[in-house]
Amino acid sequence: MSIQTVLEAKVKEAILSIFGAELTSVEFQPTRKDFEGDVTVVVFPMLRVVKGNPVQIGEQLGAFLKDAVDEVSDFNVVKGFLNLVLRDAFYVGFFNGIKEASNYGFVEERTADAVMVEYSSPNTNKPLHLGHIRNNLLGYSVAEILKASGKKVYKTQIINDRGIHICKSMVAWQRFGNDKTPENTGLKGDKLVGNYYVAFDKAYKVEIAKLVADGVDEKIAAKEAPILKEAQEMLIKWEAGDAEVTSLWKRMNAWVYEGFAITYKNMGVNFDKLYYESDTYLLGKDVVADGLRKGVFFKKEDGSVWIDLTDEGLDEKIVLRSDGTAVYMTQDIGTAIQRVNDYPDIKGMVYTVGNEQDYHFKVLFLILKKLGFSWAEHLHHLSYGMVDLPSGKMKSREGTVVDADDLMNDMTTTARELSEELGKLEEYSHEEKQELYKMVGMGALKYYILKVDPKKRILFNPEESVDFQGNTGPFIQYTYARIQSILRKANNAGVVLSRTIETSFKLHEKEKELIKQLQLFPETIQLAATNFSPALLANYVYDLVKEFNSFYQQVSILGETDEQKKALRVQLSQKVSEVIESGFKLLGINVPERM
RNA sequence: GGUGGCAUAGCUCAGCUGGAUAGAGCACCUGCCUUCUAAGCAGGCGGUCCUAGGUUCGAAUCCUAGUGCCAUCACCA
């Protein structure tokens, strides 16, 4: 039973016996550092049931608790705040209880409660950029956090591998490609294909300008440009299963997948199952037909199928075109159902998609509910803000993007330069150094992105590089490395790590603060899971690390002559490093032994 | 125009279900490496929490209205 549960029961008992009043709940908060105490009971809300002066009520309550609860050693009242001082024995006891636990803070998986997390979901016509990085890091991290909170998780994505935009890069490659391949150019496959997506747009604009110069109206020109016509014809051929088009499509997509695989590997993300739009885009149609019979949808005169959501405050939304072909919504309905068919233990799904699609997902979830699927009650759109540049929105077509591979390389380079300047790694081999630079560079990038509340938009200025000092990934990695160094030395010196600390032990202020911070880890994981927010975890780890560094500067660990003190300090350091490691693991960030 | 999101220090961000004097980092200024890694620590400077009302013992937080920025409202995805 937690101390808070004990205190809550006792506070209620006290109010009942002293004032004869019943409390439904008690408000606790950690005592602010400027006051003496550990836990604060807020007296104000009690005024609703107890008449009187809050300070006097606090005094009486404090006296009762000091008497009735072993852990409470003292108290003081400031205005309406009752600050309780807890005995060191309580903290020592807590620490003895967790220090040997291997997965502290993590909850055992409950398989009955599975959830599917979708993220990444790229188009196969261009390389991944900074926007995808945010998506990938968020989705991956949320999946790991959900796992740690006790859920079974399947990571997935839906690959947008068909449609007019894919045909555009295919047409451009046919026109301007001269049989260039990743093999004969040495270019990464997704980069090569992306170049033709840009080339298409360029040629398209030239053609429009030419038509306009010939006196054609601009709007008509935009529809009549030959290269666009060509792409549209190619899409029709693709849907008809034309052998030549299909073969080119498979070939170019394969190049892209090879490129993506490298990017994902460098980013450190992975998937349990892949879905392809080309496999699922037809599936939703049956469901729509079925829903039409049930009266969930209705058909307009031209044959198109719609759903009326005006009662829910939304509009009418199309779910099938008049020519019977699927729209985006149709495909998403089908994909959702397909997933539950494939994994019947799924109770819910999380879609990691940018906030520009808030409306789409609102509608999708509503449709699935109306179709009567029980799991539709547990769908969540993990909506995140865009990553914008100082110049505005990133646009692949116009080449104004921060490329994912380039950015990751830049980060590694910066980490190397910084590290070489400090020159602490003489004994490392070339390979070990490379691995470390990458770890630190990626740590900086990942932390930079994940520490921000997902729903806020990020302004990324490529001119000002991501920091490596202060509230950053490398700062936390550095603290971890420093602890590892202490642990190596402690091990050589024969410090006994398993030693149980006596409950009569008098804690140093900094030791107590560290234990308090460690206590918060399990609830932080749960909070991050229910809020789908890695930022909460990132900020927790930062606070823990700040607390540790302060402890590290103020007290001597290995230099301590009192054996029990030394043992506690080494044990504390070890536990802190374990929590840093597992907390960072949930953010997808690795930690180094040295740096 | 309708709908949704955001607005906190010069800059980038925290601030959990309303609680005590609004916190970090960067930048700028001071100190601290012959002692466990200075990518660190300690301190200083810096705030009309967008504006105006309201609810409350108490509002950065909740409600209403307004302002600004972003997104969205296609037989595009």
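It should be emphasised that the depicted structure is a prediction, and the values quoted were computed from it without experimental measurement. Reminder, nothing fancy here: chain letters follow the sequence lines and each chain counts from 1.
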Modelled atom types, side-chain donor and acceptor of A:Ser383 and A:Lys455, under 3.5 Å: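 No pair is found: no donor N or O on one side chain lies under 3.5 Å from an acceptor on the other.
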
Quiz item: A:Thr40 side-chain donor-acceptor pair to B:A20 base, under 3.5 Å: yes

Base B:A20 to side chain A:Asn83, donor-acceptor N/O within 3.5 Å cut-off: yes

Touch class at under 4.0 angstrom, heavy-atom based, for A:Glu523 against every strand present: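 Touches nothing.
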
Sugar-phosphate only, base, or nothing, as touched by A:Val555 at under 4.0 Å among non-hydrogen atoms: base

Contact nearer the 5' end of RNA chain B, comparing A:Tyr359 with A:Ser550: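 That would be A:Ser550.
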
Nearest-nucleotide comparison on RNA chain B, the residue closer to the 5′ end among A:Phe28 and A:Arg457: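 On the 5' side of the pair lies A:Arg457.
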
Pair assignment for B:G23, Watson-Crick or G-U wobble, requiring both distances under 3.5 Å: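 Check on B:G23: paired to B:C13, both distances under 3.5 Å.
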
B:A39 phosphate, OP1 or OP2, under 4.0 Å from A:Thr472 side-chain N/O: no

Distance test, side-chain N/O of A:Arg569 to OP1/OP2 of B:C36, below 4.0 Å: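 The answer is no; no side-chain N or O of A:Arg569 sits under 4.0 Å from OP1 or OP2.
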
Say you pick atom [atom1] in [N] and the same atom in [M]; how far apart are they, in whole Å?
N	M	atom1	result
B:U67	B:C26	P	39 Å
B:G25	B:C45	C1'	15 Å
B:G40	B:A22	P	27 Å
B:C49	B:U35	C1'	45 Å
B:G10	B:G5	P	28 Å

Among [options], the nucleotide that comes nearest once only the side chain of [X] is considered:
X	options	answer
A:Lys455	B:G5, B:A39, B:G15	B:G5
A:Val327	B:A77, B:U37, B:U21	B:A77
A:Lys456	B:C36, B:A39, B:C6	B:C6

SB check A:Arg594 A:Glu427 (cutoff 4.0 Å): yes

Aromatic plane relationship, A:Tyr328 with A:His360 - under 30° parallel, 30 to 60° tilted, over 60° perpendicular: parallel

Ring-base stacking, A:Phe35 with B:A20 (5.5 Å, 30° cut-offs): yes

Pair A:Tyr351 + A:Phe365: ring centers closer than 6.0 Å: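 So the answer is yes for these two rings.
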
